[in-house]
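Atom set for the values below is all heavy atoms of this structure, side chains included, hydrogens, waters and symmetry mates excluded. These figures come from a predicted structure and were not determined experimentally. Every number for a ligand or one of its atoms is a count from 1 in the order of the listing.
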Amino acid sequence: MEVLYNSTRKSGNPVKASTAILKGLSDDGGLFVPDHIPALDKSLAELSKMSYKEVAYEVMKLFLTDFTEEELKNCIERAYDSKFDTEVIAPLVEAKGAYYLELFHGATIAFKDMALSILPHLLITSAKKNNIKNEIVILTATSGDTGKAALAGFAGVEGTRIIVFYPKNGVSPIQEKQMVTQKESNTLVVGIHGNFDDAQTGVKKIFSDKELAKEMDEKGFQFSSANSINIGRLVPQIVYYVYSYAKLLSEEKIQDGESINVVVPTGNFGNILAAFYAKNMGVPIAKLICASNDNKVLYDFFSTGTYDRNREFMLTSSPSMDILISSNLERLIYRIAGNDAEKNAELMAALNGNGKYEITEDMKEQLQDFYGNYATEAETAETIHALYENCGYVIDTHTAVAATVYEKYVKDTKDETKTVIASTASPFKFTRSVMEALLQSESAKGDFELVDELSKIANVTVPNAIEEIRTAPIVHDNVCEVNEMQSVVRNFLGM
Ligand SMILES: *Cc1c(COP(=O)(O)O)cnc(C)c1O
């Protein structure tokens, strides 16, 4: 059955998957959502015999219904290749009673690669299918990991340009170095004086500027988004939840049909929403455990039913989760409002206005699948240390937030359901924080010195993504104010 995509803010005019991918965001500022969640048409037992790429096809074909088999398989082949350092693409590692789903084996060693290695191909294919002649300009706000993963995905891709805005003082030194050393003339990286929410809001504003869109079209350009608001990011992320269940099954860690829980370190709510979609496709997932850092706006939301971003923005050791406006939550809100775009639009207008909204009791009822909690900085560091002491396994700060919350969940509920923890970044991406947690003290050493020490301690070779930036020259040296973002874009496009 065909899946069409509706805006979360205005009913009517559903679009095909390829159109939703091209547009990124709906013209009314809403996010595209599938009109129904398709059920898996292969059994879990069948899926358990498949490779990552085969599972990817089985899942994505159900959502991207206007792609031909050849088109979709071609995208999948190009995405999940030797850019990943393991053929299984997303290994499961058992440690201290949980299964860590390692989503960081791609080109930039964070889970964003899982979707951003395929998005450029989905986008180019979508452009071809829709006879788009314009050059596609990818506009992206990043809290650190999306930026590099998107740059790596789009660099040198014909018919595209990519502009990345990141908070100048809000990303790790390694994250920044990864981005500002990006080669290829179709890329631009700019630090802004502001935080991630400022960057994301700025980008959304540029997107919804109709005058600019018209001018761009005259000059042969059009915008699209590589942020997790793009359905072309969300759909590939559903794959690894299906895959992890299938993998547990094939390794006989679970019985067919047995429920599992999933823990996701959450920022923009994209990754955990993908898990929710996987559940709704028929994967036996019981609880979706939403883990936050000190920016615990989601924990508060799940506990009270009020989403309130009026609070101090905290810079933490898990910067990719330093977010107060979780964009993808809107897709869940729309759904629990009964797919009511008007109701959702009202709530989002309130969020835009006084920075908060409250959902009804009836909506709250529908959040039973979710459990929210958070980890402080000290708890996160302690978890990294304790897990290493326990079994020699080193996890990054984001994953440690999830592991901490998982412990809290088990303590709270005594639930012994087998659990998959989304491991979203390589510890090498956040070497300083990870090493300081392992050593239980601050270190005066340089970042790359710490990289080498971590490699020894963890007994893991330094990933290629880190090796290649050790000596790479800085190519992008741009900083701007939030209100200058649009003129930066214009300059780059020669407008
Ligand atoms: C982006 C990111 C997250 C948060 O994922 P969302 O989909 O935004 O919730 C968590 N950990 C890492 C390492 C990330 O890069």
- Just distances here: any N/O of D396 and N/O of ligand 1 closer than 3.5 Å? no

- Item | Between Q175 and K429, a side-chain donor and acceptor under 3.5 Å | no

- Note: ligand 1 atoms sitting under 4.0 Å from heavy atoms of G270 are 6 (P), 7 (O), 9 (O)

- Query: Side chain or backbone of F111 under 4.0 Å from ligand 1, or both, or neither, by non-hydrogen atoms?
  - Reply: side chain

- Message: Can you name the atoms of ligand 1, numbered from 1 with element, that are less than 4.0 Å from a heavy atom of A425?
- Response: 13 (C)

- Message: Check this for me, if you would: do E453 and K456 make a salt bridge, where the nitrogen-to-carboxylate-oxygen distance has to be below 4.0 angstrom?
- Response: no

- What residue and heavy atom of the protein are closest to atom 6 (P) of ligand 1, and at what distance? N268 N, 3.5 Å

- So, are D300 and R311 salt-bridged, with charged N and O less than 4.0 Å apart? yes

- Which of the atoms in ligand 1, numbered in the order shown and given with their element, are less than 4.0 Å from a heavy-atom of K112? 1 (C), 2 (C), 3 (C), 14 (C), 15 (O)

- Pairing of R309 and D197 as salt bridge, 4.0 angstrom limit: no

- Query: Any idea which protein heavy atom is nearest atom 10 (C) of ligand 1, and the distance to it?
  - Reply: P265 O, 3.5 Å

- Item | Polar side chain donor-acceptor pair, T404 to T383, under 3.5 angstrom | yes

- Query: What's the shortest distance from atom 9 (O) of ligand 1 to any protein heavy atom, and which residue and atom give it?
  - Reply: G267 N, 2.8 Å

- Item | For atom 12 (C) of ligand 1, the protein heavy atom that lies nearest, with its residue and separation | T424 OG1, 3.3 Å

- Task: Below 4.0 angstrom from a heavy atom of M321, which ligand 1 atoms are there? Numbered from 1 as shown, please.
- Result: 10 (C)

- Query: Are Y52 and F84 close enough that their ring centres sit under 6.0 Å apart?
  - Reply: no

- Query: So, D369 and K279, do they make that salt bridge, N to O below 4.0 Å?
  - Reply: yes

- Would you say ligand 1 has an N or O under 3.5 Å from any N or O of T266? no

- of all protein heavy atoms, closest to atom 7 (O) of ligand 1 is N271 N, 2.9 Å

- D322 (side chain) donor-acceptor with T316 (main chain) under 3.5 angstrom: yes

- Within 4.0 Å of some non-hydrogen atom of F269, the atoms of ligand 1 are 6 (P), 8 (O), 9 (O)

- Provide the number and element of each atom of ligand 1 under 4.0 Å from a heavy atom of D145. 12 (C), 13 (C), 14 (C), 15 (O)

- Message: I'd like to know if D452 pairs up with R470 as an ion pair, taking the criterion as any Lys NZ or Arg NE/NH1/NH2 lying under 4.0 Å from an Asp or Glu carboxylate oxygen.
- Response: yes

